[in-house]
Visitor: 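Handing you a structure now.
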Amino acid sequence: MTTLPVKRPAGAIAFAALVLVAAMISFSRYRGAMDYYEQGILFASAAGLIWFGRFWPVMQRFLPLCGAIALAAIELYDRDLARGSSNFFLKYMLASQSLVMWMCVLFFLATLMYWVGLLRRSASSLSIASGLTWAAATAALSSILVRWYEGYLIGPDVGHIPVSNLYEVFVLFCLITALMYLYYEARFAARSMGAFVLLVISAAVGFILWYSFDRGAHEIQPLIPALQSWWMKIHVPANFVGYGAFAIAAMLGVAQLLVSRGILTSKLPSYDTLGEVSYKAIAVGFLFFTIATILGAMWAADAWGGYWSWDPKETWALIVWLNYAAWLHVRLVKGWRGNVLAWWSVIGLLVTTFAFLGVNMFLSGLHSYGGL
Amino acid sequence: MRFAISLLTVLSIASVIGTVLKQNEPYVNYRFEFGDFWFRIFEPLGLFDVYHTSWFLLLLAFLMLSTSLCIWRHVPGMLRDIRGWREKASRNSLRLMAHHAESDGQPGRDAVLAHLTQSGFRFKEREHDGVWQVAAKRGAWQKLGYLFAHAAIVVICIGGLLDGNLPLKLMELAGYKAPETRDMPQGQVPEVSRLSASNLSFRGNVTVPEGAAADVVFLNAGNGYFVQELPFAIRLKAFHVDYYTTGQPKRFASDIDILDRQSGKVRQSGTVEVNKPMVVDGVAIYQASFGDGGSPLNFARWDLIGGKPAPLDARSQASSALTIAGQPYTLETGDLRVFNIENLGKTESTQSAVTVNKFEQALSQATSVKGEHNLRNLGPSVQFKLRDATGQAVEYLNYLAPQTLDDHLYLVTGMRREVAQPFSFIRMPLDAEGRVDTFMRVRHALLDPRQYPAIAKATADAAFRDGAFSATNRAQFAEVTQSVLTQFGTGGFPALERFLDGKVPAEQRQTVAQTYLKILQGAAVEAFAQAQRQAGLAPLPMDETNYRFLMDSLVATSNLFDYGPAVYLQPTGFTQVQASGFQLTRSPGKTVVYIGSILLVMGIFCMFYIREERLWVRFEAGRTLIAMTSNRRNADLDHAFAAHSAALLPDPAHSAPPLPKPDHTGPDGESA
Ligand code: HEM
């Protein structure tokens, strides 16, 4: 906060102008389809994006690029979903599912390159890996935007922001985790961490592939009544910032444990750097997870008649939250550092994963995301 | 602190139990699942409703208390700390700080103060004995964040306890109130199990059929329930379900009137939807569920021993007495379902013939976000049970509309003997008028032994006329035909098979079975003709359609042997009456919880994203000393310190900023 970031005012202003113009165009075109809340959300998101661009200047290029890709796809669709399988560019590049497939491939390649770079201590491999991760993140965000549009092509009442089922949120998870990681990578100039973080993303990518090939989960489904709430639109992404952050922290915890045993010590960032990034990630994740849980409570108050029903999903969210609260306490209040916290963050991820997936699979409750 | 962590751990474990064990099920289920021994241990521990047990509430109370004490202990010190400047810090104490640096020369005082202001510091100068020292600080909110976050925990717990059932729990303990465990009309529930409309907080459910009204809700309480009076009555005018074109439900909505309890006048009207509750007198009304509210149903009752159908009126979700073949039965009707939308899977067209390669096909499917679904509405269905005097029940699922299967029309009835099993379906072929009467006539002819001689004779005549069985004696043929009919008439195909198995050596069974089948088919043709004649109708020509009808009739007749009580209830009409399940809550603690939540987010934000920093600049004997501390010692502090050193030290090249001490790596490192 004291080290003033090097500002590129021209870029920031151009970005802000672009976001405002986009918001104005959306407003003038779709005002009729939005209620006051949604109009408010539109302008609040514009402000949020401008802030985000200032906070992390790379976003001033990343976000417009993804927007441009999505617009290109929308143009090619020309209001006809069937073009998705007839138009060459859509079929192989720009349809949301093609973008997801590219995202999967790019994440796998990035993982591979991070490991090559880590093991060979090759800066150029690491920088290629980093580039691949950026490309994958671009594909991920673009796919989400295109998918959002495709829903409306299926039916005006079917379209909705794609955060409504397990498939869609896994893509979101990959995106958020990758972006958060890229932020820390740049901030701490420690690219070799990617070898570990990308493993979690690859696991998620594996799940996405299985889920769409084996289960056909990629099809866009209309929203069931319980999900028709604008709380969903903010509750789910907020949760995934939390999950992504906890995943990063856990993988860095693994790296820390290896370093403390003398494995890869000379190749990874220092033990303390890993610990600090871990802490930072958990601090961000905890804030967002708190917000997400509160938003979830507000949603539940509308949907189920009570802000807290001790539904298994709610209860597990509380357990996850208490777990990280305790983690933060011992680090900040007791001053703990080291392997105990590293182990704890790894276990924390297991608990989080159970709260996220296990509850859906093994416990029954009110949450309608349903089983696999 | 240790106590707090242990408390949180116990709380987590208790919560886990509540998620692993399904809560608030009927007690018999638990007894069944765990057996008497464990049930008797679990039940007093409240494991079937963990979150409302006294011990769980006690845990929460402890958490509140402990957090309050923690705030009480820490806040005064923190406030002192926030207010203080530590402007008197000595040179030695500054030098002991991990982040300090010195160099010769002194920058201008104004430049120093300007830098501090620009970096967002507030400061206090002090000059004595020729030493000028400025103590600067920023980020006081970081400490306030602690106060916010921890106060938030207390506030949220208070809100939660307000809405929890603490008052009710206390009244129960004191013996004023006790849950009702018997099933009885609401009006007869005694006063000890009723809660007045002035109850501060509650959360209960009630089901209201269309046209009816309710002025109480039911609160779950362990093995029983309480009746909670409402300050008003709700009347359900109509319940709607809208569907997407894909068949999934799109909207569940109830049009309701709120009635005055005394006068019965309509106070207000509105619509309650999922995610869109309606609030009346501080009570929020939610759309929680829906179902059948007791719809009048019409059946045609076909006694399977013969005769014309008789009309039968019933009501869904009710039971009535029925006599079948002289035996008493209870007809327990379940749900009337007006729509039965079935997804019959992918259509053929999506399995493109061009993509021969399996992988390519999978890929082409994975790239399309639109699912091709083959949806079909099977129309209304009624589910019901027939229970005999010994309590044995057979369950049925009968469709009202004829179903088209392979281009032919059938009436479909499903039947099962155990709830866990899937229904097995019987399809009865319909005649040209789309009625089941013709099938019933054929069936009766096939099952009536008095008609067998005539049928057998006609069959034999036909066979010999066609020359199909020229080698056999005609009388013998008629005899075999009659015995085949008798076997079929006692148990359908399975009986015929048993008969074969008992009489014919294994190696000949195949051929004999085929002969028997042929004979049976021939006999069925004659039975059909005879049935038509007896009904005063002309026999139908044996064309492809009618022959198929006949074969379907044979299969259906055979299947009906295992149909339970000898009656088929054909749904013929209904008047749908739906019911809406509402959840009603009064939760005055909600606002408190939300305020607590805002405090919590603010607190966490302040704690993590505001760094409390203190900076000292000391001019003494021609030298400059700067030192810095922060509540967090990490890389951020190193960067900040480097930046300030560069800006404030006149000759940073000659200064020797000591490297900050590395963090400890053991669990008992320094305090943050
Ligand atoms: C669910 C309950 C609680 C949650 C979620 C929670 C959360 C937190 C968090 C996130 C911090 C980090 C503060 C920092 O940045 O330094 C913190 C600090 C702290 N907590 Fe808690 N806390 C809880 C209960 C308690 C209780 C019961 C105590 C008392 C024993 C306590 C004592 C403290 C203390 C002393 C600090 C250090 C404050 C400072 O010096 O900065 N907390 N708490």
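Everything numeric here is computed off the predicted structure, so don't read it as measured data.
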Visitor: Would you name the heavy atoms of P249(B) and P225(A) that are closest together and state the gap between them?
Guide: O-CD, 3.5 Å
Visitor: To the nearest 0.5 angstrom, please state how far the CG atom of L287(A) sits from the CG atom of L600(B).
Guide: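 Here the interatomic distance stands at 9.0 Å.
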Visitor: Does some side-chain heavy atom of W299(A) sit less than 4.5 Å from a side-chain heavy atom of N275(B)?
Guide: yes
Visitor: Do you know which two heavy atoms are closest between Q228(A) and K250(B), and how far apart they sit?
Guide: NE2-O, 2.8 Å
Visitor: Hey, could you give me the CZ/CD1 distance between F289(A) and I604(B), rounded to the nearest 0.5 Å?
Guide: 11.5 Å
Visitor: Can any side-chain N or O of Y244(B) pair as donor or acceptor with the backbone N or O of I224(A) at less than 3.5 Å?
Guide: no
Visitor: Which one wins on heavy-atom pair count under 4.5 Å against chain B: L81(A), V284(A), T273(A)?
Guide: V284(A)
Visitor: What is the minimum heavy-atom distance between S12(B) and L322(A), and which atoms define it?
Guide: OG-CD1, 3.6 Å
Visitor: Might you confirm whether atom OH of Y307(A) has over 12 heavy atoms from other residues, nucleotides or ligands at distances under 6.0 Å?
Guide: yes
Visitor: Tell me, for W308(A) versus chain B, whether the close heavy atoms (under 4.5 Å) come from the side chain, the backbone, both or neither.
Guide: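 Just the backbone, heavy atoms under 4.5 Å.
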Visitor: Over all heavy atoms of both residues, which pair between S15(B) and T315(A) is shortest? Give the atoms and the distance, please.
Guide: CB-CG2, 3.3 Å
Visitor: Between G155(A), A301(A), S96(A), which shows the greatest number of heavy-atom pairs under 4.5 Å with chain B?
Guide: A301(A)
Visitor: Rounded to the nearest 0.5 Å, what separation is found between the OH atom of Y286(B) and the CG atom of D302(A)?
Guide: 6.5 Å
Visitor: Quick one: do D157(A) and R251(B) make a salt bridge, cutoff under 4.0 Å?
Guide: no
Visitor: Can you confirm whether W343(A) is buried at CH2, in the sense that more than 12 heavy atoms of other residues, nucleotides or ligands lie under 6.0 Å from that atom?
Guide: no
Visitor: As an exercise: rank I291(A), T290(A), L318(A), L223(A) by heavy-atom pairs under 4.5 Å with chain B and give me the winner.
Guide: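 The option with the most such pairs is L223(A).
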Visitor: Does CH2 belonging to W230(A) count more than 12 external heavy atoms closer than 6.0 Å?
Guide: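 Yes, CH2 of W230(A) has more than 12 neighbouring heavy atoms, counting only those of other groups under 6.0 Å.
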Visitor: Highest number of heavy-atom pairs under 4.5 Å with chain B: which of S260(A), S270(A), P222(A), A283(A)?
Guide: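 Counting heavy-atom pairs under 4.5 Å, the top option is P222(A).
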Visitor: Is it the side chain or the backbone of S597(B) that comes within 4.5 Å of chain A heavy atoms, both, or neither?
Guide: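 Both the backbone and the side chain of S597(B) come within 4.5 Å of chain A.
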Visitor: CH2 of W310(A): more than 12 outside heavy atoms within 6.0 angstrom?
Guide: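 More than 12 within 6.0 Å, yes.
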Visitor: With a 4.5 angstrom heavy-atom cut-off, which part of F582(B) approaches chain A: side chain, backbone, both or neither?
Guide: neither
Visitor: Report the distance from atom CZ of F608(B) to atom CG of L328(A), rounding to the nearest 0.5 Å.
Guide: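 Going from the CZ atom of F608(B) to the CG atom of L328(A) covers 4.0 Å.
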Visitor: For V593(B), is it the side chain, the backbone, both or neither that has a heavy atom under 4.5 Å from a heavy atom of chain A?
Guide: side chain
Visitor: Heavy-atom pairs under 4.5 Å with chain A are the metric here; pick the option from D163(B), T9(B), I13(B) that has the most.
Guide: D163(B)
